[in-house]
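One structure is given below, encoded as structure tokens.
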Amino acid sequence: MWFADRPPLQWQPYTLPDGSTLEVPELIVRSDDAGQPGWQLRFGDWTFFADGAASDGPAQALALAIAEMEERIAYRGK
């Protein structure tokens with residue numbers, strides 16, 4: 001597996017502009033660009049997950065990015 005020879009995936013807190021905090025894996029980074037805020041998965045192809053319009057949009061977008069990350073690790077994780 002890809003992570004077999006690496007330390008465990010690190011998760012770090014990220015504080016959003018509204019003050020809420022989310023735990024984010026190291027393979028995902030935040031873009032707070034005013035035009036289109038969201039999360040970018042950087043494992044395999046870099047993929048952007050835009051925040052939704054709802055108040056929990058950043059959390060929903062992060063959940064989608066984490067799900068995709070887990071699928072990629074399971075599939076490509078060699």
Side-chain angles (χ1 to χ4, degrees):
M1 255 182 98
W2 185 77
F3 284 109
D5 60 342
R6 294 181 51 112
L9 191 62
Q10 298 296 307
W11 292 67
Q12 299 180 14
Y14 183 89
T15 303
L16 295 167
D18 69 1
S20 61
T21 302
L22 301 170
E23 289 291 319
V24 182
E26 65 182 297
L27 298 175
I28 298 175
V29 297
R30 179 75 181 162
S31 171
D32 280 323
D33 181 25
Q36 187 168 14
W39 302 94
Q40 186 177 57
L41 172 58
R42 294 185 175 180
F43 180 67
D45 296 331
W46 287 16
T47 307
F48 185 75
F49 296 85
D51 292 351
S55 62
D56 64 344
Q60 289 178 350
L62 178 60
L64 292 172
I66 290 171
E68 179 67 22
M69 177 193 73
E70 291 171 344
E71 287 181 25
R72 290 182 188 186
I73 289 171
Y75 177 73
R76 302 179 186 176
K78 316 182 177 91

Applying side-chain hydrogen bond (donor to acceptor under 3.5 Å, both in side chains), can you list everything that pairs with T47, at least two apart in sequence or on another chain?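 In terms of side-chain hydrogen bond (donor to acceptor under 3.5 Å, both in side chains), with neighbours along the sequence ignored, T47 is linked to R72.
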
Who pairs with Q40 by side-chain hydrogen bond (donor to acceptor under 3.5 Å, both in side chains), at least two apart in sequence or on another chain?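 If we apply the side-chain hydrogen bond (donor to acceptor under 3.5 Å, both in side chains) test to Q40, skipping adjacent residues, the hits are R42.
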
Identify the heavy atoms of [X] and [Y] that sit nearest to each other, and give their distance.
X   : Y   : answer
D51 : A61 : OD1-CB, 3.8 Å
A65 : F49 : CB-CD1, 3.6 Å
Q36 : A50 : NE2-CB, 3.3 Å
F48 : S31 : CE1-CB, 4.1 Å

According to the salt bridge (charged side-chain N to carboxylate O under 4.0 Å, His left out) rule, which pairs have a member within residues 10-24, sequence neighbours left out?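 Counting only pairs at least two positions apart or across chains, no salt bridge (charged side-chain N to carboxylate O under 4.0 Å, His left out) contact touches residues 10-24.
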
Measure the spacing between OH of Y75 and CD of E68 and express it to the nearest 0.5 Å.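 Rounded to the nearest 0.5 Å, the OH-CD separation comes out at 12.0 Å.
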
As an exercise, state the distance from CD1 of I66 to CD1 of I28, rounded to the nearest 0.5 Å.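 Result: 5.0 Å between the selected atoms.
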
Enumerate the ring pair (Phe, Tyr, Trp, His ring centres under 6.0 Å) contacts for residues 50-73, please, sequence neighbours excluded, ordered by first and then second residue.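 Listed by first then second residue: nothing to list.
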
Identify, with sequence neighbours excluded, every residue that meets salt bridge (charged side-chain N to carboxylate O under 4.0 Å, His left out) alongside D56.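 In terms of salt bridge (charged side-chain N to carboxylate O under 4.0 Å, His left out), with neighbours along the sequence ignored, D56 is linked to no residue.
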
Would you list the atom pairs, donor with acceptor, under 3.5 Å between side chains in residues 9-16 and any protein atom, with sequence neighbours excluded?
from : atom 1 : to  : atom 2 : distance (Å)
Q10  : NE2    : P8  : O      : 3.1
Y14  : OH     : D32 : OD2    : 2.5
T15  : OG1    : T21 : OG1    : 3.4

Is there a side-chain contact between Q60 and L64, using heavy atoms and a 4.5 Å cut-off?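 Not touching, per the 4.5 Å side-chain cut-off.
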
